[in-house]
Amino acid sequence: MATCYSIQELMRMISSAAGSIADTVSDREGHQFMDALLGASRVYVTGAGRSGLIAKAFGMRLMHLGMESYVVGETITPAMQKGDLLVAFSGSGETHSITDICKTAKMVGGTLALVTSRSESSIATIADLAVVLDSRQYDDEGLSSDFAIRQITGSHRSGADYNPKAPIGSLFETAAMIFSDAVILELMDLRHTAKDEVEDNYSNIQ
Ligand SMILES: O=C([C@H](O)CO)[C@H](O)[C@H](O)COP(=O)(O)O
């Protein structure tokens, strides 16, 4: 694929675009998400494909912080109960398998938090709270739109010579990873977690 951008420029574009998605997260959504995590007995995470990988990475960090966290679908994941929280990562909010898991979580009395790129979707409709990382301006046409290029590079180069580099949800997934890490930092702060405690929980058998 021909492109007039170097790998370094592309990296900066992607990080800058993902960073700008932070501006789309409302304070209310951020606070609700933190409150749900801090108030939960146990935290379950779920997501499909790349969103699922972000969910797992988030669940792992919660475990490092000493919180009881589980990945839905893993062999030793226990039954979910009232008082537990399910965090679903789904850019579209429409992935069938994840929608079913979310419905089950609600049915058993759990709380459902959604991390998504769309405020309206099947999962958003049943979620108790949602954090919207609005990456849609990049997702539909990758980074090829003039708008996206101006946002990212500050230039007025036409999109005509540019191949999309963050298509099909990639920026949502990158932004979701950054959001998750920000949440972990805030949790460490609020729970007065020392770096040593986190390191004690790192796996020594993997
Ligand atoms: O793997 C995914 C990626 O977009 C493929 O490029 C998605 O994360 C997966 O398909 C799940 O979709 P969403 O539920 O819409 O996040």
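Counting starts at 1 for both ligands and their atoms, following the listed order.
Residues I123 and T116 form no side-chain contact, since every pair of their non-hydrogen atoms from C-beta on lies 4.5 Å or further apart.
Residue contacts with ligand 1, taken as heavy atom pairs separated by less than 4.0 Å, do not involve E94 at all.
Compare T46, T95, I54 by their heavy atoms: the one nearest to atom 13 (P) of ligand 1 is in T95.
Counting heavy atoms of neighbouring residues, nucleotides and ligands inside a 6.0 Å radius, atom CD of E120 does not exceed 12 of them.
Each of L86, V43, I76, T77 was evaluated against Y70; a single residue qualifies, T77, per the side chain to side chain contact (heavy atoms under 4.5 Å, CB included) test.
Annotation: G91 places an N or O atom under 3.5 Å from an N or O atom of ligand 1; distance criterion only.
Close approach of ligand 1 to G49 is summarised as follows: ligand atoms under 4.0 Å from at least one heavy atom of the residue are 1 (O).
Residues F179 and F58 keep their aromatic ring centres 6.0 Å or farther apart.
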